[in-house]
Structures are given as structure tokens and as C-alpha cells.
K.L.:
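Before I ask anything, here is the structure I am working with.
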Amino acid sequence: MPDLPGTDGTEAVVRKELAIAVVSELNLILVGPPGAGKGTQAERLTQDFGLPYYATGNILREAVANGTELGRQAKEHMDAGGLVPDDVIIGVILEALKQDEAADGFLLDGFPRTVPQADALGEALQNAGRKISAVLLIDVPDEEVVRRLSGRRVSKAGRVYHVDFDPPKHEGRCDIDGSELIQRDDDKPETIRKRLSVYHEQTEPLVEYYESRDLLRRFDGTRTPTEVHDHVRATVATLRLEDEL
Ligand code: AMP
């Protein structure tokens, strides 16, 4: 960084340190029940902060669609609304986080979903001299989850619509690529209830887990997507600022 006129060397060093801090890692996790709007918020946050995005649900659905070994191991659990075994999904995410693109930060959505997954992530990051910056909890009550998920439709590329709250311009077709919109098998009513009970039993303990580590930030997911986004973005921007100081 060049010296500005009228500054001495000390100031130049301080400014250089600040410039380094600005690019410090932003390692974020999104947590919340199914249908909380994590995917919608993730789309916006990755744009705001230029982070690579790893959504285990999307990774697994793609693996199923491509008929890979991972897809084969995951399919029956997903169709039933249960969780894929910890060792299977932990391996996938730890590999993803080793990629160069994730070196300066990442946004995880749908992982960790159990305490053993959170332990594995914490340990892997610690071994790499890294840490989680914050865990963003988007909270929505069960009845709202059911209302949202039963009307959810997705495009081939994963763009999400809702038959009442966010319909496409042409019924049943994606606005962006024109592909046919479908209802995910796991968005059918009985599966939604199963996924909610899995969330309460296996994932909700992470709220306390991360709260006790002073990493948890809560957001009211019943607000509009724009309100939630404004709140989350402001919180993440503040984290960055705190990191710089
Ligand atoms: P999602 O799109 O995040 O709701 O994930 C869809 C499904 O993928 C879940 O219902 C699980 O079967 C599976 N899945 C996604 N992430 C995980 C995870 N971290 N651990 C275990 N199973 C997962």
C-alpha cells in the first residue's frame, strides 16, 4: 500500500494491517428448520460477501440425480425425510472446505445437522488453524414451515418458488431457464412432519452448542426475505468490522 502524503511509517503499517484484516476469513453456517428460507438468504449472502456456498441438501440431490455412489448411499434416507449417516456427509464437507475457493471463507447451509457433525467440523477447522465466524439461526415455527414447504416448487437448477407467496410468471415453469417446476419428494406433507421431528431431535441441540461457544446469532425467519436479509447482512458486516479492529 503506498504511503499517503503527510503520514508517517507507523500509520502506513497500521493501514497495511487493516488491509490484511479486511480479507480475513468469513466462515459462516446457516442453521434453521427446513423451509426457514436458508437457501434464499444464502443466495443473497454469497453475493454480498463473495463466499463459496455449500448446501449439503443440494450436493446430495445432485449426487442422487447423477446416480453416484454418494447418491446411492443417501437416497433412501432422504426420501424418508431422515438424515444421511454422519460419516458419509462429514467426508463430503471436509473435502469441500479443503478447496482453494474456500480458503478465505465459506457459507455452509444444512451442515452441520447433528452434534457429531459439528464436532467433526470444529476439529477439522481447528487442525487447519481456522475457526467458525458465526452461526446464523433463522427461526420459524413448525406451522409456518408446513405452510411454506407444502407450496414450495423448485426448478431443475434449484431456484425456489412458492405457489402462493412467490409464484413463477408462467405456472409450473422457471422464470430463468423455463424448466418444469417440481415438488421435491421430501416436501410432501408426511415427509415434512418427519423432517421437522428430525430437526427438533437432532439439529436443534446445535443451537445450545453454538450459543455456549458464543457463536450463535438469531434471526426471525417469519419476517419477509428482504427484512431477514437486511438483518443478517448487517450482522455479518458487523462481524467483519469487529474482526478488522
Ligand atoms: P435440505 O435440502 O437441507 O433440506 O436437505 C435435504 C435432505 O438431505 C435432508 O432431509 C437429509 O436427508 C439430507 N441432508 C442434507 N444435509 C444433511 C446433513 N448435514 N446430514 C445428514 N443428512 C443431510
Side-chain angles (χ1 to χ4, degrees), residues 27-43 45-46 53-66 68-97 106-125 132 135-140 142 144-162 181-207 209-210 221:
N27 300 332
L28 300 175
I29 296 175
L30 274 170
V31 176
K38 300 188 297 293
T40 306
Q41 295 304 323
E43 214 174 280
L45 286 175
T46 51
Y53 170 52
Y54 303 107
T56 42
N58 294 350
I59 294 170
L60 291 170
R61 275 186 291 279
E62 201 180 312
V64 171
N66 292 335
T68 65
E69 174 59 19
L70 172 64
R72 199 190 56 70
Q73 291 176 323
K75 187 172 183 337
E76 65 179 284
H77 303 285
M78 295 175 76
D79 286 348
L83 293 184
V84 170
D86 283 335
D87 54 338
V88 172
I89 195 71
I90 287 170
V92 171
I93 283 297
L94 296 192
E95 271 312 303
L97 297 185
F106 53 78
L107 178 63
L108 289 180
D109 169 2
F111 184 96
R113 233 173 170 109
T114 64
V115 169
Q117 291 179 19
D119 283 339
L121 175 66
E123 198 183 310
L125 288 175
I132 295 165
V135 176
L136 313 168
L137 169 67
I138 304 185
D139 222 357
V140 171
D142 287 8
E144 175 70 9
V145 167
V146 174
R147 213 155 61 90
R148 288 182 181 184
L149 291 189
S150 49
R152 181 158 80 170
R153 300 292 179 272
V154 291
S155 76
K156 199 156 180 279
R159 168 87 167 75
V160 179
Y161 297 85
H162 191 283
L181 301 182
I182 57 153
Q183 181 173 40
R184 281 168 42 178
D185 280 342
D186 58 356
D187 282 346
K188 308 260 159 76
E190 336 67 83
T191 322
I192 295 171
R193 274 187 283 279
K194 164 78 177 160
R195 288 166 70 201
L196 269 171
S197 74
V198 168
Y199 175 76
H200 291 305
E201 280 163 28
Q202 304 206 49
T203 306
E204 221 166 26
L206 294 182
V207 171
Y209 181 101
Y210 285 122

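Ligands are counted one by one from 1 in listed order, and the atoms in each one are counted from 1 as well. What you see below is based on every heavy atom in this structure, not just the backbone, and it leaves out hydrogens, waters and symmetry mates.
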K.L.:
Show which atoms of ligand 1 fall inside a sub-4.0 Å distance from at least one heavy-atom site of Asp186.
P.N.:
6 (C)

K.L.:
For the side chain of Arg148 and the backbone of Gly35, is there at least one donor-acceptor N/O pair under 3.5 Å apart?
P.N.:
yes

K.L.:
Any salt bridge linking Arg72 with Glu69? Criterion: basic side-chain nitrogen under 4.0 Å from a carboxylate oxygen.
P.N.:
yes

K.L.:
Leu60 heavy atoms, cut-off 4.0 Å: which ligand 1 atoms fall inside?
P.N.:
8 (O), 13 (C), 14 (N), 15 (C), 23 (C)

K.L.:
Has the side chain of Thr191 got a donor or acceptor atom that lies under 3.5 Å from a matching backbone atom of Asp187?
P.N.:
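Side chain of Thr191 to backbone of Asp187: no pair is present.
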
K.L.:
At less than 4.0 angstrom from any non-hydrogen atom of Ile89, what atoms of ligand 1 do you find?
P.N.:
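In order of number, 18 (C), 19 (N), 20 (N).
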
K.L.:
Among Ile89, Val31, Leu83, Val198, which residue satisfies the side-chain contact (heavy atoms from CB on, under 4.5 Å) criterion with Arg113?
P.N.:
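Among Ile89, Val31, Leu83, Val198, the one that satisfies the side-chain contact (heavy atoms from CB on, under 4.5 Å) with Arg113 is Leu83.
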
K.L.:
Give the residue and atom name of whichever protein heavy atom lies nearest to atom 6 (C) of ligand 1, and the separation in Å to one decimal.
P.N.:
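Nearest protein contact, heavy atoms only, for atom 6 (C) of ligand 1 is Arg61 NH1, 3.5 Å.
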
K.L.:
Which residue and non-hydrogen atom of the protein lie closest to atom 20 (N) of ligand 1, and at what distance in Å?
P.N.:
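Protein heavy atom at minimum distance: Gln117 NE2, 2.9 Å.
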
K.L.:
So for Gly81, does at least one of its heavy atoms come nearer than 4.0 angstrom to any atom of ligand 1?
P.N.:
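Contact check Gly81 vs ligand 1: negative.
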
K.L.:
Just one of Thr114, Val115, Leu137 clears the side-chain contact (heavy atoms from CB on, under 4.5 Å) bar with Leu206, so which one?
P.N.:
Val115

K.L.:
With atom 1 (P) of ligand 1 as the reference point, say which of Arg113, Met78, Glu76 has the nearest heavy atom.
P.N.:
Arg113

K.L.:
Looking at Thr203, Asp86, Thr56, which one forms a side chain to side chain donor-acceptor pair (under 3.5 Å) with Gln117?
P.N.:
Asp86

K.L.:
Heavy-atom distance under 4.5 Å between the side chains of Val92 and Leu60, does that happen here?
P.N.:
no

K.L.:
Number the atoms of ligand 1 from 1 as they appear, then name those within less than 4.0 Å of a heavy atom of Gly82, with their elements.
P.N.:
10 (O), 11 (C), 12 (O)

K.L.:
Please determine whether any non-hydrogen atom of Arg184 lies less than 4.0 Å from an atom of ligand 1.
P.N.:
yes

K.L.:
For ligand 1, which atoms sit closer than 4.0 Å to a heavy atom of Arg195?
P.N.:
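Close to Arg195: 4 (O).
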
K.L.:
Measure from NZ or CZ of Arg195 to the centre of the six-membered ring of Tyr199 and say whether it is under 6.0 Å with the direction within 45° of the ring axis.
P.N.:
no

K.L.:
Using only atom types and a distance under 3.5 Å, with no angle test, would you say the side chain of Lys38 pairs donor to acceptor with the backbone of Gly32?
P.N.:
yes

K.L.:
Only heavy atoms of Thr56, strictly under 4.0 Å: list the atoms of ligand 1 that pass.
P.N.:
15 (C), 16 (N), 17 (C), 19 (N)

K.L.:
For atom 21 (C) of ligand 1, state which one of Val84, Val64, Asn58 supplies the nearest heavy atom.
P.N.:
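Nearest heavy atom to atom 21 (C) of ligand 1 lies in Val84.
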
K.L.:
Show me which atoms of ligand 1 lie under 4.0 Å from any heavy atom of Gly110.
P.N.:
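With Gly110 as reference, the close atoms of ligand 1 come out as 16 (N), 17 (C), 18 (C), 19 (N).
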
K.L.:
Considering only heavy atoms of Gly57, which atoms of ligand 1 have at least one such atom less than 4.0 Å away?
P.N.:
1 (P), 2 (O), 3 (O), 5 (O), 15 (C)

